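Values in this document were obtained by computation on a predicted structure and should not be read as measured data. Every chain is numbered from 1, with letters handed out A, B, ... down the list of sequences.
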Number of protein chains: 2
Amino acid sequence: MKTKKLERLQSAGWKVGNTEDFLQLSDEEARLVALKLSLTSAVKKSRIKRKLSQIDLAQRMKSSQSRIAKIEAGDPSVSLDLIVRALIASGATTRDIQVAFTTN
Amino acid sequence: MKTKKLERLQSAGWKVGNTEDFLQLSDEEARLVALKLSLTSAVKKSRIKRKLSQIDLAQRMKSSQSRIAKIEAGDPSVSLDLIVRALIASGATTRDIQVAFTTN
DNA sequence: TCAGTATATGTCAATAATGACATATTTGCA
DNA sequence: TGCAAATATGTCATTATTGACATATACTGA
């Protein structure tokens, strides 16, 4: 069931809400979260593939190691902008990004 | 040349920077901006296709009409998160999103 | 033309995301 | 094992993004 998935996300720290519009928003939110998660794993994959440490990647995109760690950990505080920036900075091609989008 | 493109983006209000790391970051920034722009036009396309007004879409995603206008106008203050949320809320399929990503 | 509807633009207080930092934990290898 | 490099986690002041609002402008049909 879909509830399982939401529980997982919620326990991971994602705000999924539980008011009367829970069912309304949950689907869209879940899609967004799923998309984010698939992109974050793409970041890690791309970074490893290019043999970059988190510090290396952080320097490339003028961020910090802890931020990169949070990106890859799927931390809810990380924006989609930052995730995609990381993807690009890690050397991912447009195709790689598309694939990441596909795999959600 | 690439400079032309950056000038266009800059004049549209995008911070593209002009310090010594201009050339370093410009490529990645430009890719991100291009991606955002292609997604914003996908939002408009999807919204129109479903015959939704900006107010309709705003209500669906609990945002405001002015925000939707800014999304579609490619306003630099709009995050990728919000753009993708709008895409999803407008009824775009995962495929639609992929296509938007492809067309950049 | 005009009225009604839709969209655009500017502003701002509230909120969310950020880099930086300290520090904890894990990993890999001699 | 033990050391060093890498990664993870928590916190916080600064900065970016947000919805809401007012209002301007564009569009459409009568």
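- An OP1 or OP2 oxygen of D/dA6 is reached within less than 4.0 angstrom by no side-chain nitrogen or oxygen of A/Arg47.
- The pair B/Glu72-B/Arg47 meets the salt-bridge criterion, since a charged nitrogen lies less than 4.0 angstrom from a carboxylate oxygen.
- With rounding to whole Å, A/Ile68 atom CD1 is found 10 Å from D/dT7 atom P.
- For the pair A/Leu32 CG and C/dA16 P, the interatomic distance rounds to 15 Å; values are reported in whole Å.
- A/Arg85 comes within 4.0 angstrom of nothing in the nucleic acid, heavy atoms only.
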Step by step, would you call A/Arg50 with A/Asp56 a side-chain contact (heavy atoms from CB on, under 4.5 Å)?
CA-CA 10 Å; A/Arg50 273 86 177 181; A/Asp56 292 336; over 6 Å; no
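- For B/Gln54, the side-chain atoms get nearest to C/dA8 when compared with the rest of D/dA8, D/dT18, C/dA8.
- At a threshold of 4.5 Å between non-hydrogen side-chain atoms, the residues A/Met61 and A/Ile88 do not count as touching.
- A salt bridge links B/Asp81 with A/Lys36; the closest basic N to acidic carboxylate O contact falls under 4.0 Å.
- Here the P atom of nucleotide D/dG19 and the CD1 atom of B/Ile83 are 12 Å apart, to the nearest Å.
- Nucleic acid contact for B/Leu82: sugar-phosphate only, since backbone atoms but no base atoms lie under 4.0 Å from a heavy atom of the residue.
- Among D/dT18, D/dT7, C/dT7, the nucleotide with an atom closest to any side-chain atom of A/Ile55 is D/dT7.
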Indicate for each nucleotide in nucleotides 24-30 of chain C, in 5' to 3' sequence, whether protein heavy atoms under 4.0 Å reach the base (B), only the sugar-phosphate (S), or nothing (-).
-------
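- Place B/Lys44 and B/Asp81 on DNA chain C by their nearest nucleotides, and B/Lys44 ends up nearer the 5' end.
- At least one side-chain heavy atom of B/Leu32 sits less than 4.5 Å from a side-chain heavy atom of B/Leu80.
- The distance from atom CG of B/Leu52 to atom P of C/dA6 is 12 Å, rounded to the nearest whole Å.
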With sugar-phosphate taken as primed atoms, P, OP1 and OP2 and all else as base, the protein-contact string of nucleotides 20-26 of chain D at under 4.0 Å (heavy atoms; B, S, -) is BB-----
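- We find that CG of A/Asp75 is positioned 12 Å from P of D/dA8, with the value rounded to whole Å.
- Taking atom CG on A/Leu80 and atom P on D/dT17, their separation rounds to 13 Å, with Å as the unit.
- Formation of a donor-acceptor pair under 3.5 Å by the A/Ser63 side chain with backbone atoms of A/Ala58 is not found in this model.
- Residue B/Ile71 holds its CD1 atom at 13.0 Å from OG of B/Ser41, rounded to the nearest 0.5 Å.
- In this entry the distance linking CG of B/Leu57 with P of C/dA8 reads 12 Å, nearest Å.
- Comparing C/dA17, D/dT18, D/dT7 by their nearest atom to the side chain of A/Ser53 picks out D/dT7.
- Under the side chain to side chain donor-acceptor pair (under 3.5 Å) test applied with A/Gln54, the options A/Gln59, A/Gln65, A/Arg67 reduce to a single match, A/Gln65.
- Exactly one residue among A/Asp96, A/Val43, A/Thr93, A/Leu82 makes a side chain to side chain contact (heavy atoms under 4.5 Å, CB included) with A/Leu87. That residue is A/Val43.
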